[in-house]
Every structure is written in structure tokens, then in C-alpha cells.
Q: 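Handing you this structure, nothing more for now.
Chain A is the first sequence line, chain B the second, and so forth, proteins listed ahead of strands; every chain is numbered from 1. Computed from a predicted model, the values in this text were never measured in an experiment.
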Amino acid sequence: MRRLLNMTADNVNLEGTKLEKMIGLAGSVGIPPAKVLAALMCVQVSERSIPFALGAEVLLDLVLGSTPTPKRLGPVTKEHPDGQYPIAARSLPITMWDVVSDFKDLSERFGPSGDHPGFISKIEGIEVGSAMALHIRANLNALPYKGIDLGSGYVASVNSTSSQIDTLFDFDSPDWLTVTGLSDIVKIGAITVTIVEHKTFVPGGDSKSPSPNGNSAIWDLPEWEFEHVLIEMARRRTDTVDPHCDTYKLATQVTAFEACIDDTGWTTMETFTDIGNPPPPAYFWDILAEVAQVRLHDGGLAEGDGNVEFTLRDVEVSLDQEGIIATVKENIRANPKALAKLAELLNNNADGDADFYYYRPDASNPADLQGDYLYFITEDDLRTDADGAPVRPYAYKHPGFFADAGLTNKLSKTSKIDDDDTHEKLKVSPGQVIFAEDDAGHVYQVAVGDKPTRSALSLTLTRVK
Amino acid sequence: MLRHSRSSPSSASGLLAPSLAALAVLSAAASARASGLDAPMVGSGQSGPTTRDGAAVHWNPANLAFMKRGEFFGGLMLVAGDIRYQRNYTGTYQTPDTLEFKTPISAGNIDMTKSGYADQVKANPLAPLGNIFVVLPPIKNRLVFGVGVYVPYGAPLKFDKNGPQALQLQQAFIVASNVTASAAVRLHDIISIGAGVSYVLGFAELAKLQDFGSVKEFGAGLNKLGQTNDFGPNAPTDVRELGTLSRPIALKKAFSHGVTFNIGVTINPTKKLTLALTYQHGAKMNYKGKFAIDMNDPFFTQDLAAQGLKYKPLVQGDASLQFNLPKRITLGAAYDINEKWRVDGFFQFVTYSELNSFVVTTSSPDLAQKALGIGETLKVTLPRNWKNTVWVEGSVRFRPTTRLLTSATLGYQSAASPDKTIDTASPDGHRIIGGVGGGYEVSQRVVLYADARFQGIVPRTVTTSDHDLGNGQYKLFIATIAGHLKVRF
């Protein structure tokens with residue numbers, strides 16, 4: 001690969017290629033073959049045939065651009081209701097998670113996926129700098145709600161974090177989120193990129209059609225394969241060559257050989273006075289691609305074994321600290337629920353599996369809303385395991401509270417109290433009798449007894465079905 | 001039962017169970033010393049700093065030198081008390097089942113029932129006590145030895161477990177006993193000196209509710225976790241006495257061992273006049289016992305486990321309390337008016353002001369909360385700021401016959417506990433002391449004594465208790481009946 005990237009008109013070996021015949025032509029008129037090739041490409045003889053920048057662009061466009069990586073996550077908006085955004089061209093999206101996790105997922109995210117061999121095969125030597133910490137101030141009542149597991153009568157605890165999501169963060173406070181230890185630059189010791197070769201030799205084309213690229217089968221290969229990358233590099237290189245003809249004359253001023261390239265990249269070489277056999281006309285990229293394929297296998301390397309691997313060393317990734325922090329703040333502010341699950345995990349004070357819980361509205365509510373309420377749990381209230389997954393399914397067929405054991409006359413409503421409008425809730429008082437069904441389909445009579453204290457409720461449970 | 005505890009944002013807590021144990025032991029000591037039990041009857045009603053009997057081992061060892069014969073002097077007493085307290089809530093309190101940690105608390109959470117005087121609570125301790133003294137004069141009229149075992153303090157106190165005083169004291173049993181060995185030398189016909197060394201053994205057990213809202217470390221622990229609060233020793237009443245934070249604590253089998261001494265001098269300038277001066281040194285007391293705290297509330301055992309707070313339902317460990325017993329200086333005088341009449345009395349000054357606070361150390365592996373930086377051992381200081389006291393008594397003694405002796409006593413003792421720190425664990429006030437008694441000489445060798453002694457504090461109304469902890473009205477009355485036997489040999 002290094003040889004190919006450093007290929008110049010001067011050092012290129014054309015043996016075994018269509019241009020081999022050009023060597024003879026050049027010799028017959030006393031002109032160095034390198035000069036002919038350089039003139040054709042409008043470069044100096046020692047100038048790289050494929051500039052590094054162009055080569056990098058093609059690699060990023062084809063190999064990176066074709067990786068089936070998920071879109072990057074962003075704020076949920078009307079335009080992006082799922083919060084997913086396309087990745088910008090020629091870029092490797094890096095998240096805060098990558099910085100925090102020392103980029104350990106990067107090679108996996110941009111590694112092999114299905115038929116695609118991936119863009120990054122290995123990444124190592126990460127230097128993030130000092131330990132980074134993200135500090136988020138949360139105003140959280142860490143105490144759980146107290147509820148009842150109807151089946152066992154156990155006084156369970158329901159994690160109250162998700163119900164406080166709207167007041168969890170004080171976005172008006174300037175220091176509600178701070179980041180410490182975030183460096184300006186992340187250094188990556190080495191990123192190894194692998195490009196696979198097609199199993200067989202694929203010749204360059206020999207026809208102008210189909211326009212505009214010609215008939216080489218290389219164009220039908222996957223974008224990430226080496227041959228396709230090469231021909232695209234050559235095609236873009238050809239775009240930089242102005243149409244022209246190079247005419248070579250004998251000492252007698254008789255035109256012996258003429259090489260022309262037109263504005264489509266079609267290249268013709270003609271001889272006059274019966275000198276040698278010129279190569280057949282072809283697009284210039286077809287010619288270059290063939291040269292590169294042949295040279296790739298110098299030294300006896302078999303077709304299909306010429307996978308290219310190169311390593312970028314000491315890669316520096318600049319981090320816009322203020323921009324990152326501002327974006328993180330904006331993202332969280334737009335969708336605080338994204339952190340709700342994290343907050344729930346950090347404050348996982350659930351215990352047992354309550355079917356409903358006891359709630360008293362904030363004292364700031366009107367007097368008619370004050371009192372004792374029972375809230376039937378929603379799916380968000382299910383107890384979770386250490387990974388945040390619910391420990392049981394939400395299998396309630398009749399969530400809520402009813403006046404009858406047949407569960408036909410629902411008493412509870414999802415009316416809004418303290419910003420909650422998702423829970424079936426019912427105001428209760430001593431002496432009241434209601435019915436509720438647990439997730440096993442059993443129906444219970446719930447008799448409200450005398451209040452032991454102002455903020456406590458006494459219930460008697462009787463299974464009726 | 002379902003309990004709603006949602007009033008106050010709480011991101012977690014740090015607890016200090018050690019403080020409970022600390023305060024419990026403190027209360028024990030307070031009760032023993034600056035309380036209605038601090039006017040003990042040692043010996044009979046005839047004993048005192050100018051009396052020549054076996055109880056001189058305690059009152060004034062110099063008097064032993066005047067005793068020409070050996071003597072066994074022992075007796076039993078029954079102490080009965082009536083201690084009453086009516087709390088006066090002068091502060092603002094939130095309902096006990098809410099959990100607002102910082103003022104101002106919501107108006108809806110103010111407990112309107114905690115205002116003004118609550119129901120009166122009372123305790124009626126009943127305790128048998130006793131003492132034994134033996135006097136041995138190896139060199140008659142010159143050198144006399146004495147030894148005594150006596151229990152000057154002992155009282156079981158039991159209040160209503162759920163009464164308004166529960167955060168001060170629910171129940172207590174305190175005993176203090178002395179074993180003293182004395183020696184006296186008669187330097188001259190009119191002057192003698194004596195000294196004694198005492199081993200003081202104390203025992204205490206008690207139970208109360210401990211308010212975590214008043215514990216500095218609890219407040220600091222919550223602050224560490226971002227939960228602002230007003231908790232600590234200076235917490236306002238608004239955040240005190242919350243049900244969840246009031247944890248039952250018991251102190252069990254706390255023993256203390258101390259050594260002290262007393263010295264005395266008796267002068268008879270005339271045959272009728274006796275003057276006495278004694279000094280009772282203080283003692284360094286070190287109560288050591290076991291504590292147990294009931295932490296069995298979901299707040300402490302599970303609800304905040306995610307924040308790093310999780311206690312066992314019952315926390316047990318070791319507790320120790322160190323403090324110094326005060327010194328006492330007594331000046332006594334007696335005058336034999338004639339063969340039938342005698343008057344005597346004394347003035348005693350007690351240096352209770354040396355006791356500014358109690359320092360308690362508790363330790364248990366179950367106390368540690370690593371996430372909050374709380375270790376297994378904690379020292380807590382409880383301010384007492386006691387005042388020096390004076391105790392004066394005067395007696396009139398009359399012998400209607402040669403065998404019969406009667407007496408009447410009247411006295412006064414000032415209060416050691418100031419208004420700021422008084423509580424039911426150390427009820428105290430201006431104390432009036434009275435007593436009647438007598439002795440009957442059965443034979444030249446045997447004398448029987450009977451006494452009845454009363455003491456009570458002038459009902460004390462307190463309005464300036466620190467943090468409204470002990471405001472209210474205190475009443476105390478203690479009656480002692482005693483019988484003694486003296487056998488001379």
C-alpha cells in the first residue's frame with residue numbers, strides 16, 4: 001500500500017500492464033517512459049500519482065462512508081423524533097461515552113459488520129488525560145413511595161425518581177452540570193485501518209459506456225473493497241487532469257507518438273510511422289487501476305491475499321470543551337428523561353413489587369386536592385435489576401381502583417396532580433372499600449382503616465378472587 | 001400501614017447512632033448526681049458531721065477517734081419517690097410523621113397539638129437501700145479504724161414510654177455504692193483528725209428516645225450528600241422530634257469504678273461545743289456498658305441504601321462515659337444545750353460547676369457507614385453547665401428519757417441543674433428537706449433507730465430550656481423510712 005501511495009511517474013513499474021507497451025513506444029522515440037506518463041498526468045515525474053489528500057478522501061468516502069454504523073444520537077425534535085441523526089461525511093462520531101470509556105467501543109462500532117469488514121480493526125494507546133468527571137446536580141427526594149404487594153401484603157418501596165423528572169435538574173443554575181478533567185486533546189496512539197482486496201483480479205474497462213465511468217467490473221464491486229477504492233482514487237485523480245495531447249516527434253520532426261486525454265478522461269495513444277503497438281484506448285482510471293492491481297501482487301502475493309492494512313499513529317482528536325459541555329447541557333435539557341433511567345439506577349431504592357402506592361399531594365395544592373391517595377403503578381414504576389431492566393412484565397389487565405369486585409365500575413382517574421397524569425389515582429378516606437387486581441389476575445378488597453397518623457394509612461386486604 | 005414521607009427532598013443521609021448511646025449514658029449520670037437523689041441518708045437520722053457513730057466513716061472520719069468501743073452500725077431504708085413533669089411546648093413543631101429537614105417548614109405540616117402544656121407524666125421510684133458500718137478502736141482514745149458499705153443513691157425511674165418526656169428519659173435504674181475504709185487519730189482531748197479511702201461502684205441502665213435531629217454528625221452526613229438541613233445540637237424545634245428520627249436506645253449494664261477519699265477534723269473547744277470540717281474529694285468515674293439502638297425504620301435500613309446509608313435494624317456495641325464526681329466541703333457544728341437538748345447542723349458546698357458537660361464514647365462495627373465517612377467510634381459531648389450547690393441542715397435533738405432520743409431536722413439544698421439544661425433525667429430545684437427520728441437504747445450495747453425523712457423541690461417552672469427540650473413544670477417528692485441497729489462491743 002505504501003508503494004502504491006508513493007507511486008510516481010518515475011518509480012512506477014509498468015510491466016505486465018497495458019501501459020507496458022508504452023515503454024517500448026517511448027523508447028523508440030528516445031523519450032523516458034516516466035516523462036510520457038508524467039506529461040499525461042500533468043505532473044512532475046517525481047510527483048505522486050495519487051496525492052495523499054485525495055487518497056484519504058476516497059478512503060473516508062468509500063470505506064468509512066459505507067460502514068453500517070448506527071446514526072448518532074441527538075436531541076429529540078420534531079424533525080428527529082427518534083433522536084437519531086446522520087453522521088456527517090468523512091467524520092468519525094465520538095461521544096462523551098467514548099472519551100469516558102477510553103474509546104473501547106470504537107473498534108467495535110466501526111469494526112466488521114455483516115459483509116462490511118469495518119473501518120477500524122484496532123485502536124490502542126488512548127490518552128484522555130486526567131480522569132474526567134461529569135458532575136450533575138440533581139434535586140431528588142431519594143425516599144421511595146411506600147406501596148403494597150397485594151399478593152403478599154408486603155409493604156414495598158416504589159422508586160420515586162421517575163416521578164420527579166421535571167424537577168430533577170435546575171437548568172437555571174449555572175453549575176447544574178460541570179465537567180472536570182476534560183482535556184483539550186485526546187491522543188490515540190494507533191488506529192489501524194484495514195481494506196480488503198477482492199478475491200480475483202478485476203480488469204480495467206475498455207469502453208466508454210456505460211457513461212460516465214466505463215465498463216470495468218470494478219465499479220460493481222463493494223465500495224469498501226480495495227479495487228473499488230483504487231479506481232475511485234484514479235477517477236478523481238483523472239478529474240484533475242486537463243484534457244490535452246502530448247505529441248512526440250522524431251528528430252526529423254515527424255510525429256511518432258501522441259498520447260491524448262479528453263475531458264471525460266478517455267485516454268488514447270497513437271503511433272505513426274508504424275512504431276510499436278500502442279495500448280488500446282481506455283479511461284485513464286481503468287489504466288491506473290490495472291497498474292495498481294498488478295503492482296499490489298509484486299513478490300508473488302496471490303489474488304485475494306492483498307488486504308491492505310495501515311496504521312495511523314499519534315492521532316490527536318481535538319475536543320471543544322465548551323462546545324461539548326454546552327451540547328451535553330442542551331441535550332439533557334431537551335430530554336431530561338435520558339438521564340432519568342441513570343438517576344433511577346443510581347437511586348434504586350425499590351424494594352418488593354408493589355401494585356399500588358400511597359401518596360400525599362404537595363401542601364401547595366388547593367385544599368380540595370389535599371388528602372390521602374392511592375396510585376396504581378405504571379410500567380415505569382416496575383422494580384428494575386442492576387442493569388435497569390424490569391424484573392417482571394407489566395401484566396396488569398385492569399390497572400386502577402374499582403368500586404366492585406367485578407372491576408366494572410372504575411373509581412380512579414389519571415387526573416393531573418403534582419405534574420403526574422399517568423397514574424390511575426384515587427383519593428381515599430377511612431371506611432372506604434375499593435377493589436384492585438394484581439398482575440396475577442387476583443382481585444383484592446382494600447378496606448381503608450383509621451389513620452394512625454396524619455401521613456400514614458391503614459389498609460386491610462382481602463382476596464376475593 | 002402505609003406511611004408517606006415525601007415532604008422534604010432528601011438525597012441521602014448520614015447517621016450517627018453512636019450519639020444515641022452517648023446521650024443515654026449521659027442521662028444516667030445526670031440522674032444519679034444532680035437530681036432528687038442527691039440528698040442521701042447515710043446512717044440514721046442522728047448521723048452527721050458532728051456525730052460519733054459508725055456513719056462517721058462517710059460524714060467525718062475524725063469523729064471515729066472519739067469512739068471508745070467497737071461498734072456495728074447497720075440499717076435498711078426504703079426510698080419512695082414521686083417525680084412529676086408536665087411539659088410545656090413553647091416552640092413550633094412539625095407533625096412527627098413528616099420529614100422536612102430545613103426551616104421554614106410548610107404551614108400544613110405544623111403540629112398544632114404540640115403547643116402549650118402536655119399531659120403530666122410521673123414516675124414513682126421505690127428502692128430499698130442500706131448501709132453497714134463497723135468501728136474498731138485498736139488504741140482506745142487514740143486510734144480508731146472504721147469501714148463502711150453504703151448506698152447513697154439508688155432509684156428505678158419509669159415514665160410513660162410514649163410520654164412527652166420520652167426524648168429525655170423513658171426509664172432508668174441507677175445505683176451508686178461506696179466501700180470506705182477510714183482511720184482517725186485523736187491528737188488531743190479536743191482535736192482529732194481522720195481520713196478515709198473509698199471505692200465507688202456505679203451501675204446504670206436506662207432507656208429513652210434519641211432524636212437524630214439534634215445530632216451534629218447526622219446533619220453533617222446529610223450535608224455531605226447534598227441534603228441541606230438544620231439538624232444538629234442547635235436545631236430549631238421545627239425539625240426536632242420527628243417520629244422517624246426518634247430512635248429507641250437502651251444502655252445496659254454500665255458499670256463505673258472510682259476511687260476517692262475524705263478527710264476531716266473535729267474540734268471540741270468546750271465540752272458542749274463541737275466543730276467539724278470535712279473534705280470529700282471528687283472521683284473520676286468511667287461508666288462502661290453496652291448500648292443498643294433500634295434503627296428498624298425503612299429510612300435507616302433500606303430506603304436510602306442506594307445513597308450509602310444502611311443500618312442493621314438493631315445496632316449494638318460498647319458505650320463509655322467519663323466524668324468527675326464533685327468535691328464537697330462541709331462545715332458542721334453541734335451544741336449540747338443541756339443533758340436533754342442538743343442542736344446541730346452543717347453547711348455543705350458542692351462543686352458541681354466542675355461538671356460542664358458529659359463526654360461519651362460509643363463504638364460498634366455496626367455504626368460504620370463507609371460511604372458517608374462514618375467510622376465505628378464516636379465521641380459526643382452533651383452540655384450540662386451545672387452550678388455549685390449548697391446544702392444546709394439543722395436538727396434539734398431531745399432526750400425525754402435516758403434511753404430515748406428524738407430529733408427533728410430541717411434543711412435546704414440549692415439546685416445544680418440550670419433552667420437551660422434541666423430535664424426529667426435530672427429533675428432538680430430548690431429542695432426542702434425535713435425529717436423526724438429517734439433512737440431507743442435497748443441496752444448498754446444495743447440501740448435501735450427509726451427515721452422518716454422527706455425532701456421535695458419547690459415546684460419548678462422552666463421556660464428557658466435550651467431548644468425547648470425541658471420547658472415545663474417539675475415536681476419532686478422523696479420519702480425515706482429507715483431503721484438502724486447499733487451494737488457496741
Q: Are the charged groups of A/K146 and B/D303 less than 4.0 angstrom apart, N to O?
A: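 Yes, A/K146 and B/D303 are salt-bridged.
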Q: Once you round to the nearest 0.5 Å, how far does CG of B/L99 lie from OG of A/S455?
A: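 Interatomic distance, B/L99 CG to A/S455 OG, rounded to 0.5 Å: 9.0 Å.
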Q: Just wondering, are more than 12 heavy atoms of other shown residues or ligands nearer than 6.0 Å to NZ in A/K329?
A: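 Yes.
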Q: Rounded to the nearest 0.5 Å, how far apart are CG of A/L143 and CG of B/L304?
A: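 A/L143 atom CG to B/L304 atom CG measures 5.0 Å (nearest 0.5 Å).
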Q: Between the side chains of A/N349 and B/Q302, is a donor N or O closer than 3.5 angstrom to an acceptor N or O?
A: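 B/Q302 and A/N349 do not have a side-chain donor-acceptor pair below 3.5 Å.
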Q: Just one of B/T95, B/T98, B/D97 clears the side-chain contact (heavy atoms from CB on, under 4.5 Å) bar with A/T453, so which one?
A: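 Among the candidates, only B/D97 passes.
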Q: Could you tell me which residues satisfy ring-ring contact (aromatic ring centres under 6.0 Å, His included) with A/Y396, sequence neighbours excluded, listed by chain and number?
A: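 With sequence neighbours excluded, A/Y396 shows a ring-ring contact (aromatic ring centres under 6.0 Å, His included) to A/F376, A/Y394, given in chain and number order.
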Q: Using the test ring-ring contact (aromatic ring centres under 6.0 Å, His included), find all partners of A/F171 that sit at least two apart in sequence or belong to another chain.
A: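 A/F171 satisfies ring-ring contact (aromatic ring centres under 6.0 Å, His included) with A/F169, A/W176 only.
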Q: More than 12 non-hydrogen atoms from neighbouring residues, nucleotides or ligands closer than 6.0 Å to CZ on A/R383, yes or no?
A: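 Above 12, so yes.
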Q: State whether the number of non-hydrogen atoms from other residues, nucleotides or ligands found under 6.0 Å of A/D385 atom CG is greater than 12.
A: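 Yes.
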